[in-house]
Amino acid sequence: MNVFSASSMKGLSNPKSVIGHGEVVRNLALIPIPKVLLLHFGEVDVEFGYYRKFCERMEIDEDNFFGEIINSFNKFIEEIIDKSQNTRSVSSICVLMPQPCPLRDETFCRVTSQFADVSVEKMQEIADYIDIRHAARNKRCVSFNNLLEANLIKDRKIKCFRVDKDMLDKNYEYRSEYLPKSTSEHHAEPRTTFPLWQEKLQNEVKPYRVLVKRRAKRLDALAASAPPVAHAMAM
């Protein structure tokens, strides 16, 4: 399995992209071996790209910003589908929606400023214009995912998967089991989020199906070996 990190969704279809992951993925897709593509992009755009753009004028047309990202991503997927038609090398394309960022309020401005390439002072100034508390940022990610799911190009090969709603409560607060120990870590806890993705993708990726079944058996065995719980009877 090939993994590409630090890639923006918007940059995948850009021929001038410095990272160039879009071209690499396109070339991999054309290798004449049947494969499932798992495309997990967007967190760079929704988090760091969004706030870098906001800092330019201390305002942002959110619908337009999100729309441009989705249009670029659709263009990228269309290219993969078109170029792989003759080789039949891509059986399905699984679009994994962005996960909400776990950065806590006390570290958000400092950490994001490093990745967005803006000053901490600029990041702190954003709070004068929009809500950048954790729940509001999580809600913004969910809104983007809703738009992406609704506007992704329609094709029998494309399937959407998301875990954002599993990771958040009804108030858009992060569920504690998905928070990393470090408050400066901008990735969710892998020991709990990976099983989530494996559960969602088990019908597309055979090794994941094996892992899910193995994990279920282990949990059943633990439950069977647990001592019985005594219940007090009311007199």
Taking every non-hydrogen atom, the tightest pair across Arg209 and Asn203: NH1-CA, 3.8 Å
task: Indicate the atoms forming the closest heavy-atom contact of Phe48 with His186, along with that distance.
output: CZ-ND1, 3.9 Å
- prompt: Hey, is the main chain of Val142 close enough, under 3.5 Å, to the side chain of Asp164 for a donor-acceptor pair?
  reply: no
query: Is there a side-chain contact between Ile81 and Ile158 (heavy atoms, below 4.5 Å)?
result: yes
message: Side chains of Gln198 and Val210, heavy atoms from C-beta outward: is any pair under 4.5 Å?
response: no
field: Nearest heavy-atom neighbours spanning Pro102 and Leu179
entry: O-CD2, 3.8 Å
message: Assess the residue pair Leu152 and Ile77 against the criterion (side chain to side chain contact (heavy atoms under 4.5 Å, CB included)); give the C-alpha distance rounded to whole Å, side-chain angles, the decisive distance to 0.1 Å, and a yes or no.
response: CA-CA 9 Å; Leu152 198 65; Ile77 294 177; 4.0 Å; yes
message: If you apply the rule side chain to side chain contact (heavy atoms under 4.5 Å, CB included), what do you find for Tyr178 with Gln99, and how did you get there?
response: CA-CA 11 Å; Tyr178 302 112; Gln99 296 178 176; over 6 Å; no
message: Surrounding NZ of Lys170 (heavy atoms of other residues, nucleotides or ligands, distance under 6.0 Å), is the total greater than 12?
response: no
Heavy-atom side-chain contact between Ser91 and Pro34 under 4.5 Å: no
task: Determine, step by step, whether Met97 and Cys160 satisfy the side chain to side chain contact (heavy atoms under 4.5 Å, CB included) criterion, reporting the C-alpha distance in whole Å, the side-chain angles of both residues, the deciding distance to 0.1 Å, and the verdict.
output: CA-CA 7 Å; Met97 307 275 177; Cys160 294; 3.7 Å; yes
- prompt: Any chance CZ of Arg133 has more than 12 other-residue heavy atoms, nucleotides or ligands included, within less than 6.0 Å?
  reply: no
query: Leu96 versus Leu201: any side-chain heavy-atom pair under 4.5 Å?
result: yes
query: Any sub-3.5 Å donor-acceptor pair from Asn138's side-chain atoms to Tyr172's backbone N or O?
result: yes
field: Asp166: side-chain hydrogen bond (donor to acceptor under 3.5 Å, both in side chains) partners, not counting sequence neighbours
entry: Lys200
field: Residue pair Leu28, Ile31: steps toward the side chain to side chain contact (heavy atoms under 4.5 Å, CB included) verdict
entry: CA-CA 5 Å; Leu28 281 172; Ile31 296 174; 3.8 Å; yes
query: Any sub-3.5 Å donor-acceptor pair from Asn145's side-chain atoms to Pro98's backbone N or O?
result: yes
query: With His134, which residues qualify under ring pair (Phe, Tyr, Trp, His ring centres under 6.0 Å), at least two apart?
result: Tyr174
statement: Residue set satisfying side chain to side chain contact (heavy atoms under 4.5 Å, CB included) with Asn171, at least two apart, ordered chain then number -> Asp169, Glu173
field: Option passing side-chain contact (heavy atoms from CB on, under 4.5 Å) with Phe73 (candidates Leu12, Asn151, Ile153)
entry: Leu12
field: Common cluster, Val24/Ile33, ILVMFWY with side-chain heavy-atom separation under 4.5 Å
entry: yes
field: Any residue meeting salt bridge (charged side-chain N to carboxylate O under 4.0 Å, His left out) with Arg218, in chain and number order, not counting sequence neighbours
entry: none
message: Taking Leu38 as the starting point, is it possible to reach Val212 by hopping between hydrophobic residues whose side chains are less than 4.5 Å apart?
response: no
- line: Closest non-hydrogen atoms of Pro180 and Ala188, given as atom of the first, atom of the second and distance, are CD-CA, 4.3 Å
query: Partners of Lys53 by salt bridge (charged side-chain N to carboxylate O under 4.0 Å, His left out), sequence neighbours excluded?
result: Glu56
query: Got a sec: does the CG of Asp117 have more than 12 other heavy atoms crowding it under 6.0 Å?
result: no
task: Give every residue pair that meets the ring-ring contact (aromatic ring centres under 6.0 Å, His included) criterion with at least one member in residues 144-167, sequence neighbours excluded.
output: Phe66-Phe144
- prompt: Is a donor on one side and an acceptor on the other found under 3.5 Å between the side chain of Ser89 and the backbone of Ala29?
  reply: yes
Partners passing salt bridge (charged side-chain N to carboxylate O under 4.0 Å, His left out) against Glu68 (at least two apart in sequence or in another chain): Lys10
query: Heavy-atom distance under 4.5 Å between the side chains of Val163 and Thr193, does that happen here?
result: no
- request: Please list, chain by chain and in numerical order, all residues satisfying ring pair (Phe, Tyr, Trp, His ring centres under 6.0 Å) with Phe108, sequence neighbours excluded.
  value: Tyr51
message: Is the shortest side-chain heavy-atom distance between Lys139 and Asp131 below 4.5 Å?
response: no
message: With salt bridge (Lys or Arg N to Asp or Glu O under 4.0 Å) as the rule and sequence neighbours excluded, what pairs involving residues 32-49 come up?
response: none
task: Using a strict 4.0 Å threshold on nitrogen-to-oxygen distance, state whether Lys75 and Glu78 make a salt bridge.
output: no
task: Decide whether Met58 and Met123 are clustered together by the hydrophobic rule: side chain heavy atoms of Ile, Leu, Val, Met, Phe, Trp, Tyr closer than 4.5 Å, transitively.
output: yes
statement: Applying ring pair (Phe, Tyr, Trp, His ring centres under 6.0 Å) to Tyr129 and not counting sequence neighbours gives none
Basic-acidic side-chain contact under 4.0 Å: Glu177, Arg175: no
query: Around Lys157, counting heavy atoms of other residues, nucleotides and ligands shown, do more than 12 lie under 6.0 Å from its NZ?
result: yes
For Asp155, salt bridge (charged side-chain N to carboxylate O under 4.0 Å, His left out) partners two or more places apart: none
- request: Would you mind listing every salt bridge (Lys or Arg N to Asp or Glu O under 4.0 Å) that reaches into residues 95-114, with sequence neighbours excluded?
  value: Asp105-Arg137
query: Which atoms form the tightest heavy-atom contact between Arg26 and Ile80, and what is the distance?
result: CG-CG1, 4.1 Å
